[in-house]
Amino acid sequence: MPVDPRIAHALQQISPAQIQHIIATLVTFRNRSTLSSMVKDLPPGTGVTAAADWIYGQFQAISAQCGGCLEVHRDTFTQEPGTGPNARITQPTTLTDVYAVLRGTDPSQTARMLLVSGHYDSRNSSNFNATDPAPGANDDASGVAVSLECARALSHLRFPATLIFVTVAGEEQGLYGSEHLAQEAKQQNWQLEGVLNNDIVGGNRTPGDKFQDEHAVRVFSEPVPADATPEQIRRILMLGYDSDSPSRELARAITEVARTYTGAPAASSHPTPSGLEPVLEFRTDRFLRGGDHESFNQQGYAAVRFSEWREDFNHQHQNVRVEDGVQYGDLLRYVDFNYVVRVARLNAATMAVLASAPPPPAHVIYPFPAHFVFNNSLNNTTISWQPAPGTPAGTHYLIVWRPTAAPNWMRTISAEKAGVKTIGTGQDATYTVTLPISKDNVIFGVIAVDPQGHRSPAVVPWPGR
Ligand SMILES: [Zn+2]
């Protein structure tokens, strides 16, 4: 994908000084436990509500710099207590999600949305301690810094589709803030094409740790959609699409963005010194753990999680203390601000590319009855698709494929070169290509591309008519 100079310039606006300022300020709120919203007589300038006020002000300040381009929202609601002996909210608790919307400028595409999120709540060793220090510098002031810096850098540009910059609370008690927002999104029919959750992206740098990789970020994606019915899962397994959920195609699209914008090499495990390589992790989240992207997965949205390469558990969910000469606590001093810059740039580039690209193609199928005719033509593959609603004029298409056991797309051909046949015009067009490659051995995808080369995520074909 070619570099878009507007996007490249915007990425340069994301600065380590700004990232440091955001994370250092969030740490000053002492303890951002969601439960602190119910504590009376907190010292001024401390607690989760003061942090929400500050984030809201940051979004407003960013908006003031772009002529009021952002709609800044503060969504406050009451979370009812959890159930069971392990409930981490035990009384009705006030929660606030703070987010800002940069509306898309193309009336036929403004309903399309890309969303970036981090959680601003924090915790220490005890879920119920809402007053002793819980700096949460890495977990997850770093993710909040990504959302705020994406908003600041991208608000100077305009995109056909809509961008949403989110910070949520309640993550540590059970993903409550993101659950609320994802449910709202579903009820209001938000057309979210991708959710980027950043949680623990501080690039922890404990002195002496030789295992951190400051040029790698993990990208977790679900294998099959969390909202798939048993019948849908049966069909996914039958077709061999157990590694092709929309979330996973989003993760693959991020690796494509990285090749262009963060200097990750196409086929090497040795990134350039200033680069950042997204490492695809083929599971929903880290082993037996979860995050806010799953709230969006539950509502049927494509959503992935970014996390630093190697976490240090002495610096997560710990009371700040020194024990046997070991410093515990999620302290500012362990955050690598340059690393957070790289992660923020990858997020911003992904949002900018996907919001500039046409919508992913619609009705991508292996048309019936081609796949039921048992003759030598079965070694060919015919794929057809249509433009999704809102697809602008000038959109063209790429066919990508990979061997069934390969993690990422390996081959690409333009639909034109593949001899695409078109029936109908404009929004009513149906495109068809036939390739001399058996779909028994590869997985195909179709990508929509605008005239500047911005690529949508891939869509895999399903048997259809
Ligand atoms: Zn977290």
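Order of listing sets the numbers, starting from 1, for every ligand and every atom in it.
Because the distance cut-off is set at 2.8 Å, Glu172 fails to qualify as a neighbour of the Zn ion (ligand 1), as none of its N, O or S atoms comes that close. Metal site remark for the Zn ion (ligand 1): Asp139 contributes an N, O or S atom at a distance under 2.8 Å.
Taking Arg88 as the reference, nothing meets the side chain to side chain donor-acceptor pair (under 3.5 Å) condition, with sequence neighbours excluded.
The N, O or S atom of Asp199 with the smallest distance to the Zn ion (ligand 1) is OD1.
A tilted orientation is assigned to the rings of Phe296 and Tyr301, their planes being inclined by 30° to 60°.
Between Glu308 and Asn138, the side chains place a donor N or O and an acceptor N or O closer than 3.5 Å (distance only, hydrogens not considered).
Between Glu171 and Arg32, no side-chain nitrogen of the basic residue sits less than 4.0 Å from a carboxylate oxygen of the acidic one, so the salt-bridge criterion is not met.
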